[in-house]
Every structure is written in C-alpha cells, then in structure tokens.
Number of protein chains: 2
Amino acid sequence: MKGLTDRQRAILEFIGRRQRQEGGAPSFREIAEQFGFRSLTTVADHLRLLRRKGLLAAAPGRARSLRVVSPLQSLRREVADIPLLGSVPAGFAEDRRQEALGCVSVDVETLGIRPGARTFALEVRGDSMIGRHILSGDVVVLEHGLTPRNGDVVAALIDNESTLKTFFMERGKPWLRAENPRYPKMMPASELVIQGVMVALIRKRK
Amino acid sequence: MKGLTDRQRAILEFIGRRQRQEGGAPSFREIAEQFGFRSLTTVADHLRLLRRKGLLAAAPGRARSLRVVSPLQSLRREVADIPLLGSVPAGFAEDRRQEALGCVSVDVETLGIRPGARTFALEVRGDSMIGRHILSGDVVVLEHGLTPRNGDVVAALIDNESTLKTFFMERGKPWLRAENPRYPKMMPASELVIQGVMVALIRKRK
DNA sequence: TCATATACCGTATAAATATACGGTATAACA
DNA sequence: TGTTATACCGTATATTTATACGGTATATGA
C-alpha cells in the first residue's frame with residue numbers, strides 16, 4: 001500500500017477530469033462504463049482503496065459526491081471568470097452583452113478581487129505605460145465602479161477607445177497621465193469616462 | 001418572461017456557488033432545504049423556468065447534473081492549480097511534498113502553460129529584475145524541465161535560495177545576468193541548478 | 001507454502017433522486 | 001373580468017445510485 005497503481009491513477013485522473021470539465025463527479029456506473037468494468041463492485045473496490053490512501057473523498061450515500069483530494073485542493077480558492085473584452089463600449093453599466101473575446105479564469109485571492117465585482121480584462125496595446133512596467137501584450141484586469149486612489153492605473157474612454165493612464169489628483173482636480181517620456185500627455189479626468197481601475201496584471205511568455 | 005425574478009436569481013447563484021465550492025451541483029432536495037421549500041415541485045418549477053430562459057442546463061434523469069450556463073462558460077478553459085512555493089528546495093524532482101504556501105489557479109490558455117507540466121510559482125523579492133519589468137511582490141509562474149531560450153528569465157538556486165536571472169548563451173556557454181544596473185553581476189549557468197523557466201507573471205494592486 | 005493485496009465478476013437492495021400529476025394563492029395585464 | 005405567469009403545497013413513482021455480500025484469479029512477499 002505505498003504508491004498508486006496504474007489503474008488507480010487512471011481512475012483518479014478520470015474523476016478529476018470530469019469534475020473540471022463537466023462540473024460534477026461521475027457516478028459509479030459511469031466509471032465502470034469508461035473502463036469497461038461489468039461490475040460496480042470493481043469500481044467500489046478501487047474507490048475504497050483511493051479513499052483509504054486519502055486521495056479521494058466522498059459523502060456516504062450521496063450521489064456523485066466523489067472529490068479528488070490533492071494537496072493543493074485544500075489551498076484552492078474560488079475561481080472567477082473574467083471576460084476579456086476587445087474594447088470597452090460606452091454603455092457599460094447594464095447592457096454589457098457577451099462581446100467577450102475570451103475568458104480569464106483566476107482565483108480571487110491571487111488577484112485580490114472581490115467576488116461579484118464588475119471585473120473585466122483588456123489586452124494592452126502599445127508602450128504608453130512602460131514607466132509603470134506595463135508592457136504591450138500584457139493582460140490587465142480592471143474593476144468597474146471602484147473609486148481610483150492617487151497613482152492608480154485606470155482605463156479611460158478616449159476617442160471611443162479604452163486607454164490606460166495613471167490617475168492622480170492635483171489641487172482637488174483629477175488628472176490622467178501617460179507613463180512614457182515620449183508621450184508626455186496629460187488630460188483632465190473629469191471630462192473623461194473612467195471604465196475601470198486596474199487591480200491586477202498578467203503577462204505571459206511570448 | 002423578460003428578466004430574472006429575485007427568487008430565480010437566488011437559486012441560480014446558490015447552484016453556481018455550490019458547484020464552485022463543493023465541486024458538484026446540489027440535488028433538488030438540497031435546494032428545497034436551502035430555501036425552506038416543503039415541496040420538490042417548487043424546486044422543479046423554478047428550475048424549469050431557469051432552463052427555459054437558457055441559464056441552466058441539466059441532463060434528464062441524471063442526479064446532480066445541474067449546470068449554470070453563463071455566456072463566459074463556453075469560453076472557459078481548463079484551470080490549473082499551481083503551487084506557490086516559498087523556496088525551491090534542491091531535491092525538486094521527485095520528493096516535492098506539499099510545502100506549498102498557497103495555490104494559484106489560472107486557466108492554462110491565459111498563462112500559455114501545458115497541462116500536466118511541472119509548474120510552480122514564486123513571489124519575487126527585491127528589484128534585481130526591474131530591467132525586465134518584474135517588480136518586488138510580483139508572482140512569477142515557472143515551468144520545471146523546460147530548456148531556456150536566449151533571454152528567458154529563469155529561477156536559479158544560489159546559496160540555497162531561488163533567485164531570478166536572465167539566461168543567455170555567449171560563445172556556446174550559458175550565463176545568468178541580473179537586470180538591474182545596481183547589480184551588474186554575471187555568473188556561469190552551468191555551475192548552477194536552474195529550477196525553472198518563467199512562463200508567466202501575475203501582479204496585483206498593493 | 002501461506003498470507004495478503006490487487007483486480008475483477010454477478011446479484012441484490014435500500015436510499016437518493018428527478019420528475020409527473022393535481023392542486024391553491026397572488027400579482028400583472030389586457 | 002378573464003388570462004397568464006410566478007410561487008408555492010402534497011403525494012407518488014420510476015430511475016439512478018451507492019453499497020453490501022459472496023465469489024475467482026493473479027501476483028508478491030514472508
């Protein structure tokens with residue numbers, strides 16, 4: 001009873017895959033069908049062993065209650081599905097339909113977002129924020145409706161397109177600033193619509 | 001039959017929450033218990049309406065097969081659980097036990113990682129890689145066993161501690177370099193153990 | 001050689017579960 | 001006023017489902 005046999009590993013992976021892909025664990029019969037077992041006892045035998053080894057949990061008598069117990073499972077947090085938008089339209093508030101180009105799924109703790117918040121993601125184009133170490137191709141995660149603090153990065157709607165800028169207050173007036181010496185622009189924030197405040201950034205290897 | 005009623009929204013959210021937190025949908029009885037319904041038909045009525053509005057899917061006759069259908073659901077990819085390690089020990093290969101400090105869950109497409117790869121995460125301390133726009137506090141995701149390309153950022157084991165460096169070849173010899181003018185160090189990579197190659201980076205608002 | 005663990009089979013069965021049928025009450029609406 | 005939709009109740013019932021009992025075969029180490 002040291003490690004796992006090939007069969008046990010295969011069954012454990014099947015359960016985990018079904019759990020992730022279909023959102024629920026398979027029943028004993030479905031496991032038997034998948035592996036060609038003609039007896040449910042065969043399934044029960046394997047599951048008993050996996051449970052004894054602490055890799056599988058189940059509520060007794062409850063349908064489809066199998067759960068893969070990985071060392072990471074206990075640390076796992078709630079995963080949020082954040083829409084990756086091509087551009088943020090003006091009518092954001094209520095009428096946001098599924099104009100999403102993709103979906104970024106990250107656990108809420110890693111990104112520090114509140115569950116249920118109006119969160120969306122944009123892909124950065126251009127290097128206007130390189131002074132804040134935000135590169136072209138980075139994906140920024142923003143929260144809509146958050147009041148920006150001084151120095152926060154925000155997405156603003158300029159010429160019907162979303163642009164990243166740094167937000168700050170000067171003598172009680174809100175301003176936006178690009179973070180690249182080649183674009184020393186500065187514009188009043190009060191005349192512009194702020195779509196969201198950046199809460200996280202994701203970069204992947206090119 | 002335009003929008004959702006409060007009851008319908010509450011039930012939909014309950015199903016979604018159970019699905020995420022416990023890894024499986026609730027049964028009709030559990031929904032009835034949650035909302036104080038004394039009849040299962042009440043649950044069935046609500047679910048029928050939610051299904052008609054296209055917000056809920058279920059396999060007929062199958063236990064706990066409810067699934068919340070969100071517009072993002074179709075775009076959702078597989079989510080990987082990446083262990084956040086405090087430090088990378090020397091005996092990485094086989095004997096990595098659960099010394100994880102946390103768990104970063106991100107979909108594989110956003111990070112561009114291969115499912116099943118030896119992936120782990122580290123929190124960056126110090127600003128030795130600021131020239132590559134990697135800041136202190138950032139979480140870097142690394143893949144173990146990947147052969148680094150020229151210019152890749154790698155985690156190397158120096159003085160029993162993991163440090164980020166840029167990897168490059170010079171006259172056929174591998175070297176490591178820090179990306180901060182205040183630390184113009186350079187060291188041969190062949191004498192050091194490279195723990196992983198950086199594939200992604202996650203930054204959150206302080 | 002005996003004990004033990006894994007890996008299967010076939011047959012049952014109690015409990016869990018989805019779902020149908022037939023009701024009542026209430027608000028919105030035309 | 002009648003119609004329609006939502007929101008509940010109570011009682012069944014056919015399936016699904018987990019799980020128990022009693023087997024066989026084959027390794028593997030003591």
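Using modelled atom types, one side-chain atom of Glu30(B) and one backbone atom of Ser27(B) make a donor-acceptor pair closer than 3.5 Å. One N or O on the side chain of Lys204(B) and one on the backbone of Glu109(A) form a donor-acceptor pair closer than 3.5 Å. Side-chain atoms of Arg203(A) come within 3.5 Å of backbone atoms of His133(B) as a donor-acceptor pair (strictly under, hydrogens ignored).
A salt bridge links Glu143(B) with Arg114(B): the distance from a Lys NZ or Arg NE/NH1/NH2 to an Asp or Glu carboxylate oxygen falls below 4.0 Å.
Atom CG of Leu66(B) is separated from atom P of dA18(C) by 7 Å (rounded to the nearest Å). dA7(D) atom C1' lies 17 Å from atom CG of Leu12(B), rounded to whole Å. To the nearest angstrom, C1' of dC8(D) lies 15 Å from CD1 of Ile31(B). The CZ atom of Arg7(B) sits 16 Å away from the C1' atom of dA5(D) (whole-angstrom rounding). Rounded to whole angstrom, the span from the CZ atom of Phe35(A) across to the C1' atom of dT6(C) amounts to 16 Å. Atom-to-atom, CZ of Arg9(A) to P of dA7(C) comes out at 11 Å; the value is rounded to the nearest Å. What separates CZ of Phe28(A) from C1' of dT19(D) is a distance of 7 Å, to the nearest Å. For the pair Gln8(A) CD and dA7(C) C1', the interatomic distance rounds to 10 Å; values are reported in whole Å.
When the nearest nucleotides of DNA chain C are assigned to Ser39(A) and Gly61(A) by heavy-atom distance, the more 5′-ward of the two goes with Ser39(A). Residue Gly36(B) is the one, among Gly36(B) and Glu30(A), whose nearest nucleotide of DNA chain D lies closer to the 5' end (criterion: closest heavy atom).
When each of dT19(D), dC9(D), dG10(C) is scored by its nearest atom to the side-chain atoms of Arg38(A), the top-ranked nucleotide is dG10(C). Across dT19(D), dA7(C), dA18(C), the shortest atom-to-atom separation from the side chain of Ser27(B) is found for dA18(C).
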- request: List the steps, then state whether ring pair (Phe, Tyr, Trp, His ring centres under 6.0 Å) holds for His46(B) with Phe35(B).
  value: CA-CA 12 Å; His46(B) 282 124; Phe35(B) 291 95; 8.1 Å; no

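Using a 4.0 Å heavy-atom cutoff across all strands shown, Arg29(B) reaches at least one base atom of the nucleic acid. Arg64(B) comes within 4.0 angstrom of sugar-phosphate atoms only, judged by non-hydrogen atoms across all strands, and of no base.
Considering CD1 of Ile82(B) and CZ of Phe120(B), their distance stands at 10.5 Å, rounded to 0.5 Å.
A heavy-atom distance below 4.0 Å to DNA chain C is reached by these residues of residues 40-48 of chain B, ordered by number: Leu40(B), Thr41(B).
With Phe168(A) as the aromatic partner, Arg177(A) meets the cation-pi criteria of under 6.0 angstrom to the ring centre and within 45 degrees of the ring axis.
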